[in-house]
2 protein chains.
Amino acid sequence: MQIGELSERSGLSRDALRFYEKRGLIRARRRPNGYRHYPEATLFLLDYVRTAQRLGFTLAEIEAELPLLQGEGLTAERVETILRGKIAVIDARIGDLKALRDDLAGRLSDVCPLIAAGQ
Amino acid sequence: MQIGELSERSGLSRDALRFYEKRGLIRARRRPNGYRHYPEATLFLLDYVRTAQRLGFTLAEIEAELPLLQGEGLTAERVETILRGKIAVIDARIGDLKALRDDLAGRLSDVCPLIAAGQ
DNA sequence: CTAGAGGGTGGAGTGCACTCCAGGGTCAAG
DNA sequence: CTTGACCCTGGAGTGCACTCCACCCTCTAG
């Protein structure tokens with residue numbers, strides 16, 4: 001698939017895809033004319049990147065974990081440690097979101113405790 | 001409390017606090033010498049801002065909801081609608097995080113399905 | 001009275017993640 | 001063989017959320 005199709009199917013701009021390539025997040029083979037050529041799997045990768053990013057991870061963080069996702073030479077223990085760390089971060093974030101959610105839900109019927117905060 | 005203490009207790013820099021004031025997120029009374037003076041409640045407000053922000057809301061979004069948090073003239077129905085909308089957004093985000101978490105948890109013992117994504 | 005910590009302002013600079021642009025090559029259809 | 005859609009590159013520009021800076025004022029301790 002070339003960049004236009006990948007752009008359409010992933011929902012990312014061509015510029016964003018080229019930018020990701022510069023950063024090393026994705027790779028492309030080149031056709032003899034210089035055009036980029038992507039395998040289907042890039043869509044999964046981009047979906048993962050998109051999700052992680054929307055959840056508050058920076059591209060640098062996502063980038064750092066790519067070798068892990070792509071199974072490149074790391075020990076099983078190291079992978080496990082990193083994954084457990086990430087899961088802990090995510091669990092904490094879920095906890096925060098639940099707290100915010102409950103806070104908002106409480107306001108649906110309550111008086112607001114922040115009412116005086118601006119003065 | 002003056003800006004230095006608020007900075008220390010909130011974990012935000014003085015510059016960030018002045019920046020938030022410019023944006024209208026927080027307000028400060030002024031002492032005769034021009035120094036800012038904040039009530040305790042500002043800490044709650046900043047905590048709320050911090051949390052919402054870390055969860056992916058922009059300052060503009062948070063700003064837009066402040067009148068709501070501070071109970072300024074909105075109908076009960078409107079407040080309820082906005083809150084329900086926000087809760088839905090948060091629930092969706094929790095769902096995404098759970099999916100990512102489960103995905104990572106699965107990798108703890110599995111082979112990686114993204115293994116070919118880079119080629 | 002002076003030193004040093006803390007406060008004020010306006011404006012420039014930073015890092016991130018794109019986004020846009022100029023200038024140019026490639027390719028299928030008519 | 002031209003038109004139009006698509007692709008390439010390098011580099012400048014954008015929006016967000018700060019962060020830093022120069023320069024100046026205020027207050028407390030010694």
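Quick note on labels: first sequence line is chain A, next is B, and so on, each numbered from 1. Computed from a predicted structure; not experimentally measured. Atom set for the values below is all heavy atoms of this structure, side chains included, hydrogens, waters and symmetry mates excluded.
Nucleic acid contact class of B:Arg31 (heavy atoms, under 4.0 Å, all strands): none.
Comparing B:His37 and A:Gln53, the nucleotide of DNA chain C nearest to each residue sits closer to the 5' end for B:His37. Taking the nucleotide of DNA chain C with the nearest heavy atom to each of A:Leu12 and B:Gly4, the more 5' of the two is matched to B:Gly4.
Contacts of residues 17-24 of chain A with DNA chain D (heavy atom under 4.0 Å): A:Arg18.
Between B:Glu21 and B:Arg27 there is no salt bridge, since no side-chain nitrogen of the basic residue lies less than 4.0 Å from a carboxylate oxygen of the acidic one. Ion pairing between A:Arg50 and A:Asp47 fails under the 4.0 Å rule for side-chain N and carboxylate O.
Between B:Met1 and B:Leu43 the shortest side-chain heavy-atom distance falls below 4.5 Å.
In this structure, the CG atom of B:Asp15 is 11 Å from the P atom of C:dT9, given to the nearest Å. Whole-Å rounding puts the B:Ile62 CD1 to D:dC16 P distance at 13 Å. Taking atom CG of residue B:Leu59 and atom P of nucleotide C:dC16, one finds them 18 Å apart after rounding to whole Å.
Interatomic distance, CD1 of B:Ile26 versus CG of B:Leu45, reported as 7.5 Å (0.5 Å rounding).
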Table of protein N/O atoms under 3.5 Å from nucleotides 25-29 of chain C N/O atoms:
| from | atom 1 | to | atom 2 | distance (Å) |
| --- | --- | --- | --- | --- |
| C:dG25 | N2 | A:Tyr35 | OH | 2.8 |
| C:dT26 | O4' | A:Tyr35 | OH | 3.4 |
| C:dT26 | O3' | A:Asn33 | ND2 | 3.4 |
| C:dC27 | OP1 | A:Asn33 | ND2 | 2.9 |

What are the atom names and distances for every N/O pair under 3.5 Å that joins the protein to nucleotides 2-4 of chain C?
none

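Environment of CD in B:Glu8: sparse, with no more than 12 heavy atoms of neighbouring residues, nucleotides or ligands closer than 6.0 Å.
Between the side chains of A:His37 and A:Arg29, no donor-acceptor pair of N or O atoms lies under 3.5 Å.
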